[in-house]
Amino acid sequence: MSSLVLGFQEVENTQLLLVGGKGLNLGRLSKIEGIQVPEGFCVTTVGYQKAIEQNETYYALLDRLTILKVEDRDQISEISRKIRQVIMEVEIPSDVMKSVTHYLSQLGEEHAYAVRSSATAEDLPHASFAGQQDTFLNIIGVDAILQHISKCWASLFTDRAVIYRKQNGFDHNQVYLSVIVQKMVLPQASGILFTADPMTSNRKLLSIDASFGLGEALVSGLVSADCYKVQEEEIIDKRIATKKLAIYGLKEGGTETRQIDIDQQKIQTLTEQQISQLARIGREIEAYFGYPQDIEWCLANDTFYIVQSRPITTLFPIPEVNDQENHVYVSVGHQQMMTDPMKPLGLSFYLLTTPAPMRTAGGRLFVDVTTHLASPVSREMIINTLGKSDPLIKDALMTIVAREDFIKSSPDVKKVPSPNKSNEGISSADSQAQIDSDPTIVTDLIKKSQASIEELQRHIQTKSGSDLFDFILEDLQQLKKFLFDPQSLGVIMAAMDASSWINEKMNEWLGEKNVADTLSQSVQGNITSEMGLALLDVADVIRPYPKVIHYLQHVKDENFLDELVKFDGGQETQDAIQAYLNKYGMRCSGEIDITKTRWSEKPTTLVPMILSNIKTFEPNASDRKFEQGQQEALEKEQVLLERLKRLPDGEQKANETKRMIDLIRNFSGYREYPKYSMVNRYFVYKQSLLKETEQLVQAGVIHEKEDIYYLTFEELHEVVSTNKLDYQIISKRKDEYKLYKKLTPPRVITSDGEIITGEYKRENLPAGAIVGLAVSSGVIEGRARVILNMEEADLEDGDILVTSFTDPSWTTLFVSIKGLITEVGGLMTHGAVIAREYGLPAVVGVENATKLIKDGQRIRVHGTEGYIEIL
């Protein structure tokens, strides 16, 4: 058996690098009993490599192509064209020609063939590359087929294929092309079958697109197709398209596009029986590959032929459970303002910290809320609690409940931990036990937490090996005790309830909306908002020293703090930044994932923000900002109380309101503290684990320290105990993590894989308004700055920040902006809380905000009503 050409039946499962993704899948398909695959063979990548191996021009052009960036479109286009030309002029090696001729003589030279490209980076579980290389249909004769093999090789360097590889991190030098030569089926109908619905991701809903003639008309968008939906062998939906054109093969070779007779245009392409038969074939293929498939099929002489099957790479994975029951999962990332994927060590730490019924999928955390939704009592509570924080989640859950058949109702549900944030595992009802508005409660809670962290720092230094892991597990119980301390939760809920009460009553009594937003400005003790103001103080220290500023403008090295002392003012700068890091250095973007790089580990992250503060603000800006917010809150309080006193029962209303305002002023700042405490502890654990890992690196067990991030806590414990590690686990998880980064996590997903999207119910909005959730009052106009990575922020005073999500680390940017828009978030998520405290109009939970709003556009943010206008 030659390695230059392989018949489909000869292709082994391990031969991806020889036959490419398409070829490998066709080889596997041809071995499934009962599935009809048109006969054919693969000209392997060895043939391609033989053709180009001596060609110096090809390699010189490839070197030039490799150093270009995606943005260099014109140069990519020019060099790619030259490479295609070189490949077309290369002579096909004689032994390749001989092998192709041999296989064609066996299959029948007189037949028509499809000649299709199959790249080694194509139709893979994590990258489809669909449509990047060329396909040629109805090719007849040895010479014509050989010519089209060269055309397929050249199509490895179409502009779109080159740019796609660059965007997905594939090296042009490592991607080769196999060519599939497959007997042509001239069908009466053809199309595509998805074994999971491409619109909703529902794995139980199968979707078939069908039209007359060859499938190329459908794939190229030339015709509309019929669409049939099949669920559990029942056809549940049919949409019959008007099909005006079809592509057919010609007897002498090539294809033509024909008009369909007017009386045939609205005829259903497949009969009911054929739809059911095709659906069964789809499920069989899916079961064989073990993953939802995107299948190309055609129908000739009442027989279905399968010409391709590839994994659907855009589906979000389903959280795994051991039963066959229906489940509903809610995203934790949308609650915690961190929708990026987490690495396994980060996931396992979070799972060890929370008592809620959590599952993981796609590198994200989900809470199983099925039990809550089953009982009418807990259902109302859970939907309203989650709805307060994110109305889109509420709407999605109500859609599921309305179906009635998805979740079995059970009248009596035992108490299960709340699925809301780890520092909010208590219901509103539990917090009704009145808490006196005594600020010392908060002070005592913080002191207790700080003492506990200091004790942890002292003791952990003496631990190593298995003892360290046991110690961390034990200390996690202390962390849980603090996070779920009834008094701590009571303080948070008291402030939240007071805010809700104020908003409701002031609207009812005085006709004013969202009053609590102004009353929440500049409260005492908010560790996160203080962090933003403290960086302004760091800027004040540095501002008088031009040489230090010049030095900071050019720093790249993480050890830049050591060099500072050479300059006038360097020591003061070093002290100020170090003091800041001592208090806030455990923070970073996506900080609930222990594996994320902290500011202490990469202090250069703070430098652009410090320089921006020096440029944008006058000295003492932090005091002025805080006092201004305090003054506005105080004035608002006085005005409200005076207006209330003039109403019937005015004194009583004013006294009740004053008590609620005191709860807001004394307690709402504390809400950010439990998370700060958690992240603080996480950083202590992380430093100890990395120190422990140094020995594994020295022993050659682990290649680099950061590889431990791809192990769970339990797996890392095992590696430390045994000094053994299977590196395939690390490699596999690194690949998975790359894939997960490309996926957008859903707010709500079911055990069928169906993604349920919620909607905002609004009326009377201006035309073109972009809708979200109002979380911080006021109206502001300004320049939109669309920023996806905090480190790339280049903000000017008065800009409006538009981003996918913010967590506490972003607070350092909030001092420079005038408004906030995020794709993720709710009333009590971090961005909303800090926006209110800084007095910034904010709208969150805006679907696709970073795509709908362009960087630099002038926009108006309606923080009170919850929408944005593009001006």
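Basis for what follows: all heavy atoms, side chains included, without hydrogens, waters or symmetry-related copies. In what follows, residues are counted from 1 in the order of the sequence shown.
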Is there a donor-acceptor pair under 3.5 Å between the side chain of Gln75 and the backbone N or O of Arg73? no
Lys31 atom NZ, neighbour heavy-atom count above 12 within 6.0 Å: yes
On a heavy-atom basis, the closest approach of Ser105 and His102 is OG-O, 2.6 Å
Could you measure the distance from the CZ atom of Arg783 to the CD1 atom of Ile859? Nearest 0.5 Å is fine. 11.0 Å
Report the C-alpha distance between Lys596 and Met342 in whole Å, list the side-chain angles of each, state the deciding distance to 0.1 Å, and finish with yes or no for side chain to side chain contact (heavy atoms under 4.5 Å, CB included). CA-CA 9 Å; Lys596 292 271 188 178; Met342 292 166 75; over 6 Å; no
Evaluate whether atom CE of Met88 has more than 12 neighbouring non-hydrogen atoms of other residues, nucleotides or ligands under 6.0 angstrom away. yes
Distance, nearest 0.5 Å, that separates OG of Ser117 from NZ of Lys22: 6.5 Å
Name every donor-acceptor pair, under 3.5 Å, that has one atom in a side chain of residues 76-87 and the other anywhere in the protein, sequence neighbours excluded.
unit_1	atom_1	unit_2	atom_2	d
Ser77	OG	Asp159	OD2	2.8
Glu78	OE2	Arg81	NH2	2.9
Ser80	OG	Ile76	O	2.7
Arg81	NH1	Gln85	OE1	3.4
Arg84	NH1	Phe157	O	2.7

Are side-chain heavy atoms of Tyr709 and Asp593 found at a separation under 4.5 Å? no
Non-hydrogen side-chain atoms of Glu736 and Arg733 separated by less than 4.5 Å: yes
Donor-acceptor check, side chain of Ser118 to backbone of Ser178, threshold 3.5 angstrom: yes or no? no
Qualifying salt bridge (charged side-chain N to carboxylate O under 4.0 Å, His left out) pairs, either residue in residues 97-114, two or more places apart: none
Backbone N or O of Leu270 within a donor-acceptor pair of the Tyr228 side chain at under 3.5 Å? yes
Is the backbone of Asp261 close enough, under 3.5 Å, to the side chain of Gln264 for a donor and an acceptor to pair up by distance? no
Would you say the side-chain atoms of Gln268 pair up with the backbone N or O of Ile240, donor to acceptor, closer than 3.5 Å? no
Would you say Arg785's side chain and Asp794's backbone share a donor-acceptor pair under 3.5 angstrom? yes
Report the C-alpha separation of Gln15 and Thr44 in whole Å, then their side-chain angles, then the decisive distance to 0.1 Å, and conclude whether the side chain to side chain contact (heavy atoms under 4.5 Å, CB included) test is met. CA-CA 10 Å; Gln15 291 178 317; Thr44 70; over 6 Å; no
Atom CG in Leu29, atom CD1 in Ile295: separation rounded to 0.5 Å? 7.5 Å
Taking it one step at a time, do Lys854 and Val786 satisfy side chain to side chain contact (heavy atoms under 4.5 Å, CB included)? CA-CA 7 Å; Lys854 303 280 179 280; Val786 180; 5.9 Å; no
Heavy-atom pair of closest approach, residues Thr195 and Ile312: N-CD1, 4.3 Å
Short side-chain to backbone donor-acceptor contact, Gln9 and Ser30, under 3.5 Å: yes
Do Lys741 and Tyr737 touch side chain to side chain, with heavy atoms closer than 4.5 Å? yes
Hey, could you give me the CD1/OG1 distance between Ile755 and Thr200, rounded to the nearest 0.5 Å? 8.0 Å
With heavy-atom distances below 4.5 Å as the criterion, would you say the side chains of Pro292 and Phe194 are in contact? no
May I ask you to check whether over 12 heavy atoms, not counting those of Asp74, lie within 6.0 Å of atom CG? no
Around atom CD of Glu56, are there more than 12 heavy atoms from other residues, nucleotides or ligands closer than 6.0 Å? no
Could you check if a side-chain atom of Glu286 sits within less than 4.5 angstrom of a side-chain atom of Leu193, using non-hydrogen atoms only? no
Side-chain donor-acceptor contact under 3.5 Å, Asn301 with Thr303: no
If I compare all heavy atoms of Leu6 with all of Val19, which pair ends up nearest, and what's the gap? CD1-CG1, 4.0 Å
Please name all residues satisfying side-chain hydrogen bond (donor to acceptor under 3.5 Å, both in side chains) with Glu256, sequence neighbours left out, ordered by chain then number. Arg258
Going by atom types alone, do Asp707 and Tyr727 pair a side-chain donor with an acceptor below 3.5 Å? yes
Taking atom NZ of Lys732 as the centre, report whether more than 12 heavy atoms of other residues, nucleotides or ligands fall under 6.0 Å from it. no
How about Asp302 and Gln188: do any of their side-chain heavy atoms sit closer than 4.5 Å? yes
Could you check whether any side-chain heavy atom of Phe8 comes within less than 4.5 Å of a side-chain heavy atom of Ile180, counting everything from C-beta outward? yes
Heavy-atom nearest pair, Ala784 first then Val802, reads CB-CG2, 4.1 Å
Has Lys166 got a side-chain atom pairing as donor or acceptor with Leu68's backbone, closer than 3.5 angstrom? yes
For Tyr740, is there any backbone N or O sitting under 3.5 Å from a side-chain donor or acceptor partner on Arg364? yes
In this structure, are over 12 heavy atoms from other groups packed under 6.0 Å from Glu91 atom CD? no
Which pair of non-hydrogen atoms, one from Thr803 and one from Ile787, has the smallest distance, and what is that distance? OG1-O, 2.6 Å
Can you tell me how far the CD1 atom of Ile749 sits from the CZ atom of Phe316, to the nearest 0.5 Å? 6.5 Å
Is a side-chain donor or acceptor of Thr339 paired with a backbone partner of Gly333 at a separation under 3.5 angstrom? no
Give the minimum heavy-atom separation between Arg203 and Pro317, together with the two atoms involved. NH2-CA, 3.8 Å
In the structure I gave you, are the side-chain heavy atoms of Ser309 and Glu296 within less than 4.5 Å of one another anywhere? no
CZ-SG distance between Arg239 and Cys227, expressed to the nearest 0.5 angstrom: 4.5 Å
For Asp226 and Lys243, run side chain to side chain contact (heavy atoms under 4.5 Å, CB included): C-alpha distance rounded to whole Å, both residues' side-chain angles, the deciding distance at 0.1 Å, then the answer. CA-CA 8 Å; Asp226 289 357; Lys243 299 167 283 291; 2.7 Å; yes
